[in-house]
Chemist: 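Next up is a structure, given as structure tokens.
These numbers come from a predicted model, not from an experiment.
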Amino acid sequence: MTDAYQLVQSHYGDIAKKTITNPAQDGEKNIAMAFGYSEEDLLSLPGKTNLGLSCGNPMAYANVKLGETVVDLGSGGGIDVFLAARKVGPTGKAIGIDMTKDMIDLATKNAKASGLFNASFIEASITAIPQPDSSVDCIISNCVINLVPAKDKGLVFYEIARLLKPGGRLAISDILARKELPQSIVDNMALYVGCIAGASQVAEYKEYLRQAGFQDILLVDTEADLNLYKESSYLQQSTCCTPSSYSKNTETESASVDYNEWAGSFQIYAVKPSV
């Protein structure tokens with residue numbers, strides 16, 4: 001199997017490049033609004049920020065306050081970073097982390113267009129973030145942790161716990177499996193980069209959080225329609241990944257899958273203990 005990290009970088013790097021020439025699509029707006037963004041949210045963003053890659057709106061329940069430091073894991077074009085930057089104000093900071101250089105370049109251009117000088121972006125893996133211990137008030141993430149291979153997923157939550165201040169919180173939108181995924185889905189590369197095949201079971205996700213020391217853990221199935229991803233002009237492109245295991249056949253097979261049968265969009269909230 002092609003290395004999952006390389007596959008994801010290739011796919012999402014290609015998406016970032018295509019934003020240069022792709023006009024805005026109704027599909028991306030429809031996806032964002034279906035997963036919790038308002039039209040006001042979207043109108044406040046630079047034109048190449050909403051890529052239709054969200055599975056929720058973590059800023060809607062992150063309870064971000066003025067002056068806080070917020071870190072977004074897997075920040076893409078910067079949609080949640082810019083919304084956070086407005087919430088925290090000039091005395092706060094909103095920092096995006098993404099392992100794909102092309103996405104970092106896109107988000108940095110978007111930051112200049114936004115005029116938000118408290119928004120910044122760092123190229124790094126979300127399992128090893130170059131930020132100090134106990135330096136962050138809130139960590140958000142949007143449809144990204146499912147892309148981390150199972151062997152490394154636990155590292156993400158330990159890293160979140162390391163970064164958060166005592167009493168700090170996480171607010172994550174992610175895709176989780178509603179039942180055990182069949183091997184035909186797990187091995188489908190189009191469904192992997194499309195955020196379905198790498199989804200953890202709900203019980204597994206809770207255990208990752210528990211082992212990392214979090215409390216007040218809450219996972220809520222939003223029951224949003226994941227089949228909307230099939231409208232995305234970005235997620236349904238075979239040209240974005242070219243390994244032999246990712247072909248027209250796997251893309252055709254993925255289009256026939258009812259995403260809602262196997263997975264759901266979940267809101268995840270937890271708190272790092274104060275002591």
Chemist: Between Y158 and F214, is the ring pair (Phe, Tyr, Trp, His ring centres under 6.0 Å) condition met? List the steps.
Modeler: CA-CA 10 Å; Y158 281 109; F214 286 96; 9.1 Å; no
Chemist: Please work out whether the ring planes of F82 and F121 are parallel, tilted or perpendicular, with thresholds of 30° and 60°.
Modeler: perpendicular
Chemist: So, N146 side chain and A199 main chain: donor-acceptor pair closer than 3.5 Å or not?
Modeler: no
Chemist: Could you check L106 against K48 for side-chain contact (heavy atoms from CB on, under 4.5 Å), going step by step and ending with a plain yes or no?
Modeler: CA-CA 8 Å; L106 173 64; K48 300 292 186 178; 4.0 Å; yes
Chemist: Heavy atoms only: give me the nearest Q267-T222 pair and the separation to one decimal.
Modeler: CG-CG2, 3.6 Å
Chemist: Are the side chains of R86 and S44 in contact, using a 4.5 Å heavy-atom criterion?
Modeler: yes
Chemist: Specify the closest pair of heavy atoms between Q131 and L163, including all atoms of both residues, with the distance to one decimal.
Modeler: O-CD2, 3.5 Å
Chemist: Answer yes or no: is there a side-chain heavy-atom contact under 4.5 Å between S54 and I31?
Modeler: no
Chemist: Using the rule that two of Ile, Leu, Val, Met, Phe, Trp, Tyr join whenever any of their side-chain heavy atoms come within less than 4.5 Å, decide whether I160 and Y269 are in one cluster.
Modeler: no
Chemist: Quick one: OG on S184 to CG on L191, what's the gap to the nearest 0.5 Å?
Modeler: 8.5 Å
Chemist: Measure the shortest side-chain to side-chain distance between I145 and Y208 over non-hydrogen atoms and say whether it is less than 4.5 angstrom.
Modeler: no
Chemist: Taking all non-hydrogen atoms of both residues, which atom of A119 and which atom of A85 are closest, and how far apart?
Modeler: CB-CB, 4.1 Å
Chemist: Taking all heavy atoms of A94 and all of V81, pick out the closest pair and write down the distance.
Modeler: CB-O, 3.5 Å
Chemist: Any sub-3.5 Å donor-acceptor pair from E159's side-chain atoms to I129's backbone N or O?
Modeler: yes
Chemist: Answer with yes or no whether the hydrophobic clustering places F266 together with Y61; edges join I, L, V, M, F, W, Y residues whose side-chain heavy atoms lie under 4.5 Å apart.
Modeler: no
Chemist: Would you say the side chain of I95 lies within less than 4.5 Å of the side chain of S120, judging by non-hydrogen atoms?
Modeler: yes
Chemist: Is any side-chain heavy atom of Y5 less than 4.5 Å from a side-chain heavy atom of M99?
Modeler: yes
Chemist: Which heavy-atom pair separates N227 from V257 by the least distance, and what is that distance?
Modeler: OD1-O, 3.9 Å
Chemist: List the steps, then state whether side-chain contact (heavy atoms from CB on, under 4.5 Å) holds for V70 with K93.
Modeler: CA-CA 6 Å; V70 178; K93 291 188 290 185; over 6 Å; no
Chemist: State yes or no: do L209 and V148 share one hydrophobic cluster built from I, L, V, M, F, W and Y residues joined by side-chain heavy-atom distances below 4.5 Å, directly or via other members?
Modeler: yes
Chemist: Rounded to the nearest 0.5 Å, what's the gap from CD on E28 to CG on L42? Could you check?
Modeler: 11.0 Å
Chemist: Taking atom NZ as the centre, does K112 end up with more than 12 heavy-atom neighbours from other residues, nucleotides or ligands that are less than 6.0 angstrom away?
Modeler: no
Chemist: Transitively linked via ILVMFWY side-chain contacts under 4.5 Å: L170 with L155?
Modeler: no
Chemist: Between CG of D174 and NZ of K153, what distance do you get to the nearest 0.5 Å?
Modeler: 8.0 Å
Chemist: Say whether, by atom type as modelled, one donor and one acceptor occur between the side chain of S265 and the main chain of C55 under 3.5 angstrom.
Modeler: yes
Chemist: Kindly indicate whether the side chain of L218, heavy atoms from C-beta on, has any atom under 4.5 Å from the side chain of I268.
Modeler: no
Chemist: So, K179 and E261, do they make that salt bridge, N to O below 4.0 Å?
Modeler: yes
Chemist: Mind checking the CG-CG spacing from L83 to D72? Nearest 0.5 Å is all I need.
Modeler: 10.0 Å
Chemist: I'd like to know if the side chain of R169 reaches the main chain of L164, judged simply by a donor and an acceptor atom lying under 3.5 Å from each other, with no hydrogens or angles considered.
Modeler: no
Chemist: Are V64 and V136 connected in a single hydrophobic cluster, I mean Ile/Leu/Val/Met/Phe/Trp/Tyr linked by side-chain heavy atoms less than 4.5 Å apart?
Modeler: no
Chemist: Compare all side-chain heavy atoms of M59 with those of I140 and state whether any distance is below 4.5 angstrom.
Modeler: yes
Chemist: Counting only N and O atoms by type, is there a donor-acceptor contact under 3.5 Å from the side chain of D98 to the main-chain atoms of L73?
Modeler: no
Chemist: Go through the side-chain N and O atoms of T108 and D105 and say whether any donor and acceptor fall under 3.5 Å apart.
Modeler: no
Chemist: Once rounded to the nearest 0.5 Å, what's the spacing between atom NZ of K151 and atom OG1 of T127?
Modeler: 8.5 Å
Chemist: Kindly indicate, with the supporting measurements, whether the criterion side-chain contact (heavy atoms from CB on, under 4.5 Å) is fulfilled by V193 and L7.
Modeler: CA-CA 7 Å; V193 296; L7 186 66; 3.6 Å; yes
Chemist: Roughly how far, to the nearest 0.5 Å, is the CG atom of L43 from the OG atom of S38?
Modeler: 8.0 Å
Chemist: Can you tell whether the side chains of E68 and K87 come within less than 4.0 Å, N to carboxylate O?
Modeler: no
Chemist: Considering non-hydrogen atoms only, spot the tightest contact between C143 and I175 and give its length.
Modeler: SG-CD1, 3.7 Å
Chemist: Looking at R178 and A263, would you say the former's side chain and the latter's main chain have a donor-acceptor pair under 3.5 Å?
Modeler: yes
Chemist: Is there a side-chain contact between D221 and L176 in this structure, where contact means two heavy atoms from C-beta onward sitting under 4.5 Å apart?
Modeler: no
Chemist: Side chains of D80 and Y37: is there a donor and an acceptor less than 3.5 Å apart?
Modeler: yes
Chemist: Run the numbers on L226 and I196 for side-chain contact (heavy atoms from CB on, under 4.5 Å), then give the verdict.
Modeler: CA-CA 9 Å; L226 296 188; I196 303 298; 4.1 Å; yes
Chemist: Assess the side chains of Y12 and D102: does a donor N or O sit below 3.5 Å from an acceptor N or O?
Modeler: no
